[in-house]
Amino acid sequence: MAVGGVGRGGGKGRAGGVKGASGPSGAAGASFGGKVDRAESLVGPSGLVGSSNVQGPQATDPIAAQALAIAKRLKNGGFKSKEEATKALVSEVLQEKLNMKSAALTGRIAGALQDDPRLNQVLERLWSKAE
């Protein structure tokens with residue numbers, strides 16, 4: 001085994017490591033690996049800087065807007081309980097997405113949402129977003 005990093009390109013008596021721009025490979029690498037401007041590093045793949053330009057769900061999704069309206073009604077006393085508000089939300093989703101109205105299906109879905117701890121936590125976050 002030789003000293004000087006045989007497998008790592010450590011020729012010319014140097015002990016390996018990073019070489020300068022001496023030679024054809026160094027000249028090509030110097031133009032390609034330039035510094036990144038600080039503003040460019042903040043730009044994501046979408047071209048937006050940060051997340052300040054992202055709009056909330058109320059501007060794009062009618063179901064999200066309806067969910068926030070139901071949360072506000074719950075906070076203002078429009079519903080007797082969170083279970084009733086959950087049923088109203090499920091009913092809205094069924095009506096909007098599937099164009100169907102079924103009290104039995106609404107009740108079963110609302111019950112399943114409240115029985116699952118993870119989904120119940122999501123509902124609690126939704127109900128707390130009311131202004």
Side-chain angles (χ1 to χ4, degrees):
M1 191 156 202
V3 178
V6 171
R8 296 176 289 166
K12 297 186 184 178
R14 291 189 238 164
V18 179
K19 293 184 181 181
S22 64
S25 64
S31 64
F32 183 72
K35 291 184 179 180
V36 176
D37 190 20
R38 191 171 282 199
E40 289 176 1
S41 67
L42 297 176
V43 177
S46 66
L48 295 176
V49 177
S51 61
S52 61
N53 294 336
V54 178
Q55 294 180 349
Q58 64 273 17
T60 58
D61 190 10
I63 293 179
Q66 195 66 10
L68 289 175
I70 290 172
K72 288 178 186 178
R73 282 182 29 205
L74 176 66
K75 185 176 180 183
N76 294 332
F79 294 107
K80 294 178 185 176
S81 63
K82 290 181 181 179
E83 292 82 18
E84 191 177 319
T86 303
K87 286 183 181 180
L89 177 62
V90 170
S91 177
E92 283 293 325
V93 171
L94 286 176
Q95 183 65 36
E96 181 73 27
K97 292 293 184 180
L98 301 175
N99 200 18
M100 68 181 294
K101 199 170 193 177
S102 171
L105 184 59
T106 299
R108 290 186 68 174
I109 293 173
L113 287 174
Q114 292 169 351
D115 290 343
D116 187 350
R118 185 178 54 88
L119 295 174
N120 194 10
Q121 191 176 37
V122 171
L123 282 172
E124 289 298 325
R125 274 188 276 150
L126 174 66
W127 301 145
S128 69
K129 286 189 184 230
E131 297 173 352

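When reading the values below, keep in mind they use all heavy atoms of this one structure, side chains included, and skip hydrogens, waters and symmetry mates.
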Quick one: does L105's side chain get under 4.5 Å of M100's, heavy atoms only?
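Contact flag for L105/M100 side chains = yes.
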
If you define the side chain from C-beta out and look only at heavy atoms, does anything of L126 sit under 4.5 Å from L89?
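Sidechains of L89 and L126: in contact.
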
Tell me the closest heavy-atom pair linking [X] and [Y], and the distance in Å.
X: F79; Y: A85; result: CD1-CB, 3.8 Å
X: K87; Y: G107; result: CE-CA, 4.3 Å
X: A130; Y: A71; result: CB-O, 3.3 Å
X: E96; Y: P62; result: OE2-CG, 4.1 Å

For K101 and L94: C-alpha separation, side-chain torsions, deciding distance, then whether side-chain contact (heavy atoms from CB on, under 4.5 Å) applies.
CA-CA 7 Å; K101 199 170 193 177; L94 286 176; over 6 Å; no

[atom1]-[atom2] distance between [X] and [Y], expressed to the nearest 0.5 angstrom:
X: L68; Y: R73; atom1: CG; atom2: CZ; answer: 13.0 Å
X: Q66; Y: I70; atom1: CD; atom2: CD1; answer: 5.0 Å
X: R125; Y: K129; atom1: CZ; atom2: NZ; answer: 7.5 Å

Carefully, step by step, assess E92 and I63 under the rule side-chain contact (heavy atoms from CB on, under 4.5 Å).
CA-CA 7 Å; E92 283 293 325; I63 293 179; over 6 Å; no

Closer than 3.5 angstrom, by distance alone: can the side chain of T106 be matched with the main-chain N or O of S102 as a donor-acceptor pair?
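Yes: the side chain of T106 pairs with the backbone of S102.
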
Please set out all donor-acceptor pairs under 3.5 angstrom arising from side-chain atoms of residues 111-124, sequence neighbours excluded.
{"unit_1": "Q114", "atom_1": "NE2", "unit_2": "T86", "atom_2": "OG1", "d": "3.3"}
{"unit_1": "D116", "atom_1": "OD1", "unit_2": "R118", "atom_2": "N", "d": "3.3"}
{"unit_1": "E124", "atom_1": "OE1", "unit_2": "K82", "atom_2": "NZ", "d": "2.7"}
{"unit_1": "E124", "atom_1": "OE2", "unit_2": "K82", "atom_2": "NZ", "d": "3.4"}

